[in-house]
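For reference, the structure is listed below as structure tokens.
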Amino acid sequence: MRKDGLQIELAEGILTIKPLSAKAISIQWEKELKEEQEFIFVSNPATIKFKFKDTADKLKLFTEMVMVTFDKKSGAIDYSDINGKIFLSEKAGSRKLIRDSIMGEPCFIAEQSFNSPKDEYLFGLGQFQDGNYNLRNISRKLTQVNTQIAIPFLYSSKGYGILWHQYGLTNFNPADTFIPLLKSTTILGEKADANVTTTAGTQKISQEQSLHTAKFTAIKDGNYTFMLDMGAMDNRHFLSIDNVPYIDFSNMWLPPAVSKMIYLKAGEHTINVVCKTANTPKLTWKQESDETTFRSPNAKSLYYVVFYGNDADDIIAGYRNLSGNVPMLPQWAYGFWQCRERYTSGKHLVETIQEFRNKKLPVDVIVQDWQYWGKYGWGVPKFDETNYPNPEKFIKQLHDLNAHLSISVWENLDKKSDVAKEYLAKDLYIPNSDWIDIYKPETQKTHWNALNTNLFSKGVDSWWMDATEPENDALVGKQTYYGLGDFYRLTYPLFVSKTVYEGQRNTNPDKRVVTLTRSAFAGQQRYGTINWSGDIGWDWDTYKRQIVAGLNYNLTGMPYWTTDIGGFFRPGPGQYTDKKYHEILTRWFQWGVFNSIFRIHGYGTETEPWKYGPEVEANMREMLNLRSALMPYIYSEAWQVSKNGSTIMRPLVMDFASDTIAIQQPYEYMFGKSILAAPITEPNIKVWNVYLPKGSDWYNYWSGKHFTGGKTITTDAPLNKIPLFVKAGSILPIGEVMQYASEKPRDTIHIHIYPGADAKFDLYEDEGDNYNYEKGSYTIIPFVWSEKNQTLTIGKLQGNYAGHLKKRVFNITIAEKVDAKNEPLKMKIFYTGSRILINEIKY
């Protein structure tokens with residue numbers, strides 16, 4: 001026993017069991033190698049108090065909340081709550097460190113399996129495009145590529161989280177049995193090229209596809225997980241068994257690997273695989289089993305951390321407390337982001353925002369995508385004055401229109417450019433690569449200086465750090481500042497985000513950092529980042545898979561996420577008049593309102609609402625107004641993210657873990673603690689089935705109608721509305737519609753009470769765009785509803801900040817209380833900061 005934990009000498013190496021907090025336990029098994037770098041954890045907690053017990057067959061470590069039991073005979077570890085109830089256990093004999101090497105450097109294949117009962121549901125691991133929601137028995141290849149984000153954090157419905165603490169490739173539930181594929185000489189479809197975005201700009205890429213066939217024998221009736229691995233980005237994923245398609249995805253870019261669990265009868269089956277002709281597909285399978293496995297082929301040790309808690313927020317808060325808590329984004333970042341590929345001049349940007357203002361379409365951010373660099377060379381962070389003359393002037397015009405500018409930045413700037421000369425002189429590129437070595441402290445400093453000199457000092461407000469994987473898993477086989485890239489291939493986006501966050505905060509500590517970035521790694525939440533789902537397609541299936549991708553991503557501790565509303569690759573010029581596309585665009589836009597960040601984007605597309613005709617524009621305006629009205633609720637929920645480890649987009653497992661029907665819903669979730677969002681995911685819908693979790697009553701947000709939880713109900717779903725329900729025992733603050741987040745003081749707020757249970761809500765406000773809140777400059781107004789007494793208490797104003805409101809009006813309504821005209825009854829309360837107890841709502 002050591003002061004900070006247990007150290008067990010095994011036949012090979014040392015196993016260390018160390019409490020990182022009362023609810024977090026790290027396990028590390030080391031042999032000859034040691035990873036010297038700690039990228040994920042940033043806090044250095046004091047030694048955690050624990051007790052130790054040694055018996056004939058067990059070693060036990062106790063914290064205040066968790067008991068860890070090491071079995072001396074099997075070597076397996078169990079994790080229990082303090083009452084002895086096991087919530088997680090290693091599979092005996094599954095801990096492995098197999099000696100290996102990569103490019104001549106020694107490494108290990110690190111592997112660990114955990115028992116997984118049949119009623120367990122697993123979530124997280126980042127953002128994937130395969131549509132799998134429950135990850136139990138699903139195979140995953142954790143690599144960083146366009147549209148896919150790999151974060152080795154897993155959340156269980158059993159009330160624990162696992163961080164697989166590795167920086168390189170990880171295979172989750174690896175499928176190890178290969179099925180040999182025979183490539184046909186037939187090329188499917190025309191030999192067409194397509195214009196796609198690449199690291200060198202828009203290029204024509206071959207879309208030729210080939211057929212591969214095979215035979216497979218299922219040993220017995222049951223579920224089998226198949227993984228189709230192309231080895232590189234692809235444009236076609238297709239797997240059929242006995243002529244039944246099970247995987248069928250098409251897009252200009254698709255991640256290398258995709259998996260699917262399929263039920264098969266015993267016997268021989270015929271397999272067809274279709275993929276890009278240039279790729280060499282590998283098909284593997286595994287039978288369903290009651291275990292979960294992590295395997296990293298390029299590891300220096302076996303290292304994982306188990307997090308336990310009272311609920312999902314508690315577990316994620318414990319994870320963030322060690323890996324970095326989430327800073328507040330500026331208030332404007334929670335408004336609408338207008339983005340397209342691309343605006344062509346400073347004048348174009350200004351004219352677009354002016355039109356939003358003319359048409360009364362709320363917007364807070366406009367985004368300049370790539371190629372503003374023009375003559376300066378690919379990826380160079382500098383405005384080409386040909387189309388962007390005098391950047392300070394046009395950015396000021398945007399600011400005068402109360403809009404903020406976000407700009408695209410890449411880390412593979414043209415080596416022939418003047419800006420790159422300093423990078424080259426200091427040897428800041430990865431050898432034999434177009435990507436800068438962002439791991440080097442000097443690279444971080446130089447890169448930020450370039451961004452500051454050419455962009456931030458001109459008035460740029462936020463960052464769109466594109467292709468931060470770096471694109472196409474580009475660290476493989478490269479030497480970085482820390483060593484061979486294979487050991488660190490998941491971590492590049494973490495250091496890009498660090499560079500921008502620390503650089504901007506040091507340059508201007510009074511302006512909150514906002515970074516939209518295409519990739520992420522564990523701990524990145526501490527750098528004020530937002531992620532989006534990459535260069536996706538546009539059809540209904542793609543849209544549905546974004547919902548699943550976003551929900552799983554949010555269960556990795558990353559609270560800010562968005563998507564390209566309407567898809568990145570869209571259906572061409574016909575989209576502006578195609579009613580079928582208008583329907584999916586409208587439904588996608590509705591769902592976007594209930595993303596933590598609300599943003600539209602599209603390749604080669606004019607994405608402004610008026611481009612699609614008056615009906616689409618009107619429907620979008622209604623949703624933009626809804627987002628604006630919800631700002632007091634959203635901003636207060638964002639404070640809970642930063643203060644208490646909460647999450648805004650909440651898969652139902654977070655709040656209804658005991659409801660097995662609820663946690664299986666892949667397209668429903670809580671938006672904050674009160675609103676259930678059920679986006680429409682099919683065309684031609686007039687009514688929609690929504691499952692309302694048990695344990696609570698619910699109210700239709702639009703009509704106020706009351707429902708009992710624990711059942712599926714049918715609700716109206718007109719094209720201009722997304723189904724929304726509010727949990728009984730909620731207080732919703734609804735503001736006035738504004739054209740931008742700070743248009744006017746929010747001195748009048750509608751307080752909607754949804755009775756049926758006790759309720760509370762803390763209305764949070766601050767200065768909106770600085771870090772003074774970290775020093776206590778903010779206010780909270782607590783609202784408390786007593787169901788028993790039918791009373792509302794508006795608490796005393798807590799805190800202060802420069803310019804905070806001294807007087808305001810709260811219009812109080814209670815769900816289902818209406819007048820003869822079916823209009824909500826309201827009670828007006830004048831609030832000056834003192835506690836108010838309302839014993840009877842008077843109208």
Side-chain angles (χ1 to χ4, degrees), residues 1-2 4-20 24-35 40 52 54-61 66-80 86-102 106-117 120 122 125 135-137 139-142 152-154 156 158 160-176 286 289-308 487 522:
M1 185 175 76
R2 304 189 318 190
D4 61 350
L6 301 182
Q7 194 172 77
I8 304 169
E9 293 190 13
L10 303 178
E12 286 189 275
I14 302 294
L15 182 71
T16 302
I17 303 175
K18 180 180 177 180
L20 302 181
I25 307 295
S26 75
I27 305 297
Q28 190 161 19
W29 181 24
E30 295 177 325
K31 291 185 179 180
E32 299 90 355
L33 301 178
K34 183 178 181 65
E35 177 56 73
I40 299 174
F52 169 69
D54 188 354
T55 67
D57 56 353
K58 309 282 186 184
L59 294 174
K60 295 186 177 182
L61 181 149
V66 176
M67 178 172 68
V68 185
T69 303
F70 175 83
D71 187 299
K72 293 181 178 179
K73 183 176 180 180
S74 69
I77 298 173
D78 292 338
Y79 301 87
S80 313
I86 295 175
F87 59 83
L88 174 66
S89 58
E90 294 181 345
K91 180 183 177 183
S94 67
R95 187 186 305 119
K96 299 175 184 176
L97 272 179
I98 302 170
R99 290 175 176 82
D100 203 353
S101 63
I102 176 73
C107 66
F108 292 101
I109 301 171
E111 180 175 326
Q112 180 70 66
S113 297
F114 302 89
N115 295 316
S116 177
E120 182 172 39
L122 297 171
L125 296 185
L135 305 182
R136 186 177 183 271
N137 271 294
S139 296
R140 283 274 165 87
K141 183 179 181 181
L142 272 65
F153 184 87
L154 188 71
S156 169
K158 296 297 182 181
Y160 68 85
I162 296 177
L163 172 68
W164 182 250
H165 197 298
Q166 295 289 345
Y167 304 143
L169 169 67
T170 290
N171 294 299
F172 178 74
N173 290 331
D176 290 332
K286 68 182 288 291
S289 64
D290 295 332
E291 64 183 69
T292 295
T293 300
F294 290 89
R295 179 192 295 160
S296 294
N298 307 136
K300 296 184 180 181
S301 68
L302 188 153
Y303 186 10
Y304 71 89
V305 182
V306 174
F307 295 88
Y308 173 72
F487 289 114

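These numbers come from the heavy atoms of this one structure, side chains and all, not from hydrogens, waters or symmetry mates.
- The pair Arg2-Asp4 meets the salt-bridge criterion, since a charged nitrogen lies less than 4.0 angstrom from a carboxylate oxygen.
- Distance check, rounded to the nearest 0.5 Å: CD1 of Ile162 to CG of Leu154 gives 6.0 Å.
- Interatomic distance, CD1 of Ile25 versus CD1 of Ile17, reported as 8.5 Å (0.5 Å rounding).
- Partners of Phe52 under the ring pair (Phe, Tyr, Trp, His ring centres under 6.0 Å) rule, at least two apart in sequence or in another chain, do not exist in this structure.
- Residues forming a side chain to side chain contact (heavy atoms under 4.5 Å, CB included) with Pro174 (at least two apart in sequence, or on another chain): Asn171, Asp176, Thr293, Arg295.
- For the ring pair (Phe, Tyr, Trp, His ring centres under 6.0 Å) test, residues two or more places apart in sequence or in another chain that qualify with Tyr303 are His165.
- Residues Lys58 and Asp54 come closest through the heavy atom pair O-OD1, 3.6 Å.
- Applying the side chain to side chain contact (heavy atoms under 4.5 Å, CB included) rule to Ile14 yields the partners Gln7, Glu9, Thr16; only residues at least two apart in sequence or on another chain are considered.
- Looking at Ser156 and Glu120, their side chains do bring a donor and an acceptor atom within 3.5 Å of each other.
- With rounding to the nearest 0.5 Å, the separation of OG1 in Thr292 from CG in Asn137 is 7.0 Å.
- By the side-chain hydrogen bond (donor to acceptor under 3.5 Å, both in side chains) test, Ser89 pairs with Asn115, sequence neighbours left out.
- Checking each of Arg136, Glu291, Lys158 against Ser116 for a side chain to side chain donor-acceptor pair (under 3.5 Å) leaves exactly one that passes, namely Arg136.
- Taking CD1 from Ile102 and CD1 from Ile109, the interatomic distance works out to 10.5 Å, rounded to the nearest 0.5 Å.
- Residue Ile77 holds its CD1 atom at 9.5 Å from OG1 of Thr69, rounded to the nearest 0.5 Å.
- A search for side chain to side chain contact (heavy atoms under 4.5 Å, CB included) contacts involving Ala299 returns Ala110, Gln166, Ser296, not counting sequence neighbours.
- The two atoms that bring Pro297 and Cys107 nearest to each other are O-SG, 3.7 Å, heavy atoms only.
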Verdict with reasoning, Val306 to Ile27, per side-chain contact (heavy atoms from CB on, under 4.5 Å): CA-CA 8 Å; Val306 174; Ile27 305 297; 5.6 Å; no
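- Remark: Glu12 pairs with Lys31, Arg99 by the side-chain hydrogen bond (donor to acceptor under 3.5 Å, both in side chains) rule, at least two apart or across chains.
- Within 6.0 Å of NZ on Lys141 lie more than 12 heavy atoms contributed by other residues, nucleotides or ligands.
- Leu33 and Pro106 get closest at one heavy-atom pair: CD1-O, 3.5 Å.
- Closest heavy-atom contact between Trp29 and Lys96: CZ3-C, 3.6 Å.
- Contact between Lys286 and Ser139 at its shortest, heavy atoms only, is CD-OG, 3.9 Å.
- Two residues are said to be in side-chain contact when any heavy atoms from C-beta on lie closer than 4.5 Å; Val66 and Tyr160 fail this criterion.
- A search for side-chain hydrogen bond (donor to acceptor under 3.5 Å, both in side chains) contacts involving Ser94 returns Gln112, not counting sequence neighbours.
- Looking at residues two or more places apart in sequence or on another chain, you find a ring pair (Phe, Tyr, Trp, His ring centres under 6.0 Å) between Phe172 and Phe294.
- Taking every heavy atom of both residues into account, Ser301 and Gln28 meet most closely at OG-NE2, 3.3 Å.
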Assess the residue pair Phe70 and Leu6 against the criterion (side-chain contact (heavy atoms from CB on, under 4.5 Å)); give the C-alpha distance rounded to whole Å, side-chain angles, the decisive distance to 0.1 Å, and a yes or no. CA-CA 10 Å; Phe70 175 83; Leu6 301 182; over 6 Å; no
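- Residues satisfying the salt bridge (Lys or Arg N to Asp or Glu O under 4.0 Å) criterion with Lys60, sequence neighbours excluded, are absent altogether.
- Taking Lys34 as the reference, Glu30 meet the side-chain hydrogen bond (donor to acceptor under 3.5 Å, both in side chains) condition, with sequence neighbours excluded.
- Using a 4.0 Å cut-off between a side-chain N of Lys or Arg and a carboxylate O of Asp or Glu, Arg95 and Glu90 qualify as a salt bridge.
- Ion pairing between a basic and an acidic side chain is recognised when a charged N comes within 4.0 Å of a carboxylate O; Lys72 and Asp57 show no such pairing.
- Residues forming a ring pair (Phe, Tyr, Trp, His ring centres under 6.0 Å) with Tyr304 (at least two apart in sequence, or on another chain): Phe114.
- The line from CZ of Phe153 to CD1 of Ile40 is 11.0 Å long, rounded to the nearest 0.5 Å.
- A distance below 6.0 Å separates the ring centres of Phe87 and Tyr308.
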